Amino acid sequence: MQFELKHTATGTKARAGLITTDHGNIETPIFMPVGTAGSVKGIHARDLKEDIKAQIILGNTYHLYLRPGLSIIEQAGGLHRFNGWNGPILTDSGGYQVFSLGDIRKLSEAGAKFQSHIDGSSHLFTPESVMDVQRIIGADIMMAFDECTPGDAEFEYARKSMEMTQRWLDRCMNQFEKTVPKYGHSQSLFPIVQGAVYPALREIAARNVLQYNSDGYAIGGLSVGESEKDMYAMIEVVNEILPENKPRYLMGVGTPVNILEGIERGIDMFDCVMPTRNGRNGMLFTKKGIMNMRNKKWADDFSPVDPDGTSFVDHHYNRAFLRHLVISGEMLGAQIASQHNLAFYLWLVKEARKQILANTFTGWKAEMVQQLCVRL
RNA sequence: GGGGAGAUACCAAAGUGGCCAACUGGGGCAGACUGUAACUCUGCUGGCGUACGCCUUCGUAGGUUCGAAUCCUGCUCUCCCCA
């Protein structure tokens with residue numbers, strides 16, 4: 001994987017770049033749809049590529065390891081062959097599950113012992129094993145195994161947590177160096193910067209990851225309970241230190257506004273479940289604001305789902321029908337909403353890139369942020 | 001014609017003298033969701049008020065009682081069984 005910085009918009013840290021992988025190119029800034037179990041929920045690979053114009057999607061080490069299991073994925077020839085998506089794939093390491101499955105896991109220096117959320121069985125994830133699993137999955141971009149520190153962590157906890165993530169990173173790197181890709185395409189490993197909401201910790205963590213000269217760097221442990229103000233402040237601290245010539249990935253973020261704020265602060269890559277999960281729950285993000293499709297006001301609105309939308313669903317279906325589907329619990333409603341939201345997110349980052357290249361990002365972004373928060 | 005059962009809020013359905021403006025489910029209305037244990041979760045759902053509260057409700061008209069959705073009587077309607 002390689003990264004080429006194309007342009008930094010004047011008067012801002014917002015950047016446009018190009019990532020090249022063995023499965024295709026990625027124009028940054030980019031949003032990466034989340035496909036935890038190997039599929040972006042409700043979305044066909046064809047629509048992902050042709051309609052939504054996704055350039056890279058996520059998978060999750062923890063989920064794929066539990067089900068279908070490594071043997072099946074290996075037999076398939078890796079996740080790309082298994083799920084029919086032949087574009088770039090990034091896998092999260094399970095670090096987020098260390099956070100979200102807090103009740104059913106135990107952390108130690110060795111790693112994280114999980115109880116499967118599926119059948120309760122016990123599994124130990126170590127930095128080494130997580131590298132091996134991601135080799136088998138065959139992600140173009142693998143993530144280091146980290147502890148995603150909760151946003152409200154005390155300083156001492158955050159410090160210890162960050163330090164363990166650093167030691168785990170060292171082990172990840174060693175294992176990564178000791179192993180090779182299984183399917184003929186190259187794989188990169190991104191370290192993750194932790195440190196909760198403490199600038200001093202974030203600084204240490206950001207400087208620490210530089211020693212590995214990785215293909216890219218991630219910022220984790222944000223949008224996990226801290227304030228947006230803190231989140232933006234941490235991005236600024238870290239991006240001050242991360243190298244210019246490598247992509248920066250802000251993990252798990254976020255709302256359309258979060259993404260624009262992140263781009264403005266020099267982030268290149270984003271992922272978030274929000275467009276799909278909120279879509280399944282009836283919420284639409286649009287250029288003009290947020291729509292809750294369950295609201296009665298759409299019941300007799302027969303205009304297109306989103307007249308400004310870039311997806312075919314935006315023009316093929318009307319709002320009243322979409323509301324009917326959502327209210328009725330019809331799965332097509334969840335699909336339409338997810339497809340719209342993803343297409344919107346991809347439009348948003350593509351447009352941001354255009355504005356960066358034209359040096360008009362700042363004004364455009366300010367205007368968009370106003371619009372995006374409106375409740376329609 | 002004879003016998004029996006029942007009528008509770010938008011629907012279904014608990015409650016069978018005070019803790020009942022009334023359990024619960026559905027429906028309705030709104031909110032949440034950020035590296036997915038999530039097509040999930042939360043709140044409201046008689047009227048007015050932010051709220052303590054006040055007012056009007058359990059087919060209908062009366063009655064008993066300090067007090068009734070709950071007990072008694074008349075009426076109206078519904079369902080079931082037998083002829």
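These numbers come from a predicted model, not from an experiment. Chain letters run A, B, ... following the sequence lines, proteins first, then strands; residues in each count from 1. The figures that follow rest on heavy atoms only: side chains count, while hydrogens, waters and symmetry mates do not.
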- Proximal nucleotide (of B/rU34, B/rC29, B/rG35) relative to the A/N258 side chain: B/rU34

- Query: Quick one: does A/N281 reach the base of B/rC33 with a side-chain donor-acceptor pair under 3.5 Å?
  - Reply: yes

- Item | Minimum-distance nucleotide to A/V273 side chain [options: B/rG28, B/rG35, B/rA37] | B/rG35

- Between B/rU64 and B/rC72 - P atom distance, rounded Å: 15 Å

- Message: For B/rG35, does the base pair up with any side-chain atom of A/D146 as donor and acceptor (N or O, under 3.5 Å, distance only)?
- Response: yes

- Query: So what does A/R375 hit on the nucleic acid, given a heavy-atom distance under 4.0 Å: a base, only sugar-phosphate, or nothing?
  - Reply: sugar-phosphate

- Task: Specify whether A/F145 and A/W168 have parallel, tilted or perpendicular ring planes, treating 30° as the upper limit for parallel and 60° as the lower limit for perpendicular.
- Result: parallel

- Task: Would you mind telling me which of B/rC29, B/rU34, B/rG35 lies closest to the side-chain atoms of A/M251?
- Result: B/rG35

- Using a cut-off of strictly less than 4.0 Å, decide whether A/R277 has a side-chain nitrogen or oxygen near OP1 or OP2 of B/rU34. yes

- Message: Between the side chains of A/K354 and A/E351, is the shortest nitrogen-to-carboxylate-oxygen separation below 4.0 Å, so that they form an ion pair?
- Response: yes

- Message: Can you tell me how the ring of A/Y317 sits relative to the ring of A/F321, calling it parallel under 30°, perpendicular over 60° and tilted otherwise?
- Response: parallel

- Message: Closest-nucleotide mapping onto RNA chain B: is A/I192 or A/G329 further toward the 5' terminus? I mean the 5' end.
- Response: A/I192

- Query: With both distances under 3.5 Å as the test, what is the Watson-Crick or G-U wobble partner of B/rC77?
  - Reply: B/rG6

- Is the phosphate of B/rU34, meaning OP1 or OP2, less than 4.0 Å from a side-chain N or O of A/N278? no

- 5'-most contact on RNA chain B: A/D271 or A/M331, nearest heavy atom basis? A/D271

- Message: Please confirm whether the shortest side-chain N or O distance from A/R294 to OP1 or OP2 of B/rC39 is below 4.0 Å.
- Response: no

- Message: For A/K182, is there an ion pair with A/E74 - N to carboxylate O distance below 4.0 angstrom?
- Response: yes

- Message: Regarding A/K350 and A/E27, does a basic nitrogen lie under 4.0 Å from an acidic carboxylate oxygen?
- Response: no

- Message: Does a side-chain N or O of A/T36 approach OP1 or OP2 of B/rU36 to a distance below 4.0 Å, or not?
- Response: yes

- What does B/rU56 pair with, Watson-Crick or G-U, if both distances are under 3.5 Å? none

- Which value, in whole Å, describes the distance between the P atoms of nucleotides B/rA22 and B/rU34? 35 Å

- May I have the distance from A/L325 (atom CG) to B/rC39 (atom P), rounded to whole angstrom? 17 Å

- Message: Side chains of A/T91 and A/Q134 only: does a donor on one sit below 3.5 Å from an acceptor on the other?
- Response: yes

- Message: Does A/S100 contact B/rU36 through a side-chain donor or acceptor facing the base, at a distance under 3.5 Å?
- Response: no

- Message: Could you tell me how far B/rC52 sits from B/rG47 if I compare only their P atoms? Round to whole Å.
- Response: 16 Å

- Query: In whole Å, what separates the C1' atom of B/rU65 from that of B/rU70?
  - Reply: 13 Å

- Query: Contact class for A/E228 (heavy atom, under 4.0 Å): base, sugar-phosphate, or nothing?
  - Reply: base

- Item | Nucleotide of B/rU34, B/rG35, B/rG31 approaching A/N292 most closely (side-chain heavy atoms) | B/rG31

- Message: What's the closest nucleotide to the side chain of A/C148 if the choices are B/rC29, B/rG35, B/rC33?
- Response: B/rG35

- Query: If you measure from the C1' atom in B/rA14 to the same atom in B/rC58, how many Å do you get, rounded?
  - Reply: 12 Å

- side-chain N/O A/Q97 vs B/rG35 OP1/OP2, d < 4.0 Å: no

- Phosphate-side-chain proximity, A/N295 and B/rG31, N/O vs OP1/OP2 below 4.0 Å: yes

- Message: For A/F99 and A/Y96, take the angle between the two ring planes, folded into 0 to 90°, and tell me which bin it lands in: parallel under 30, tilted 30 to 60, perpendicular over 60.
- Response: tilted

- Rounding to the closest angstrom, what is the interatomic distance between B/rC19 and B/rC55 at atom P? 16 Å

- Item | Integer angstrom distance from the C1' of B/rC81 to that of B/rA12 | 25 Å

- Proximity to the side chain of A/H63 - top-ranked nucleotide from B/rU34, B/rG35, B/rA37: B/rA37

- Query: The side chain of A/R280 lies closest to which of these nucleotides: B/rC39, B/rG35, B/rU34?
  - Reply: B/rC39

- Determine the Euclidean distance between corresponding P atoms of B/rA37 and B/rC44; express it in Å to zero decimal places. 28 Å

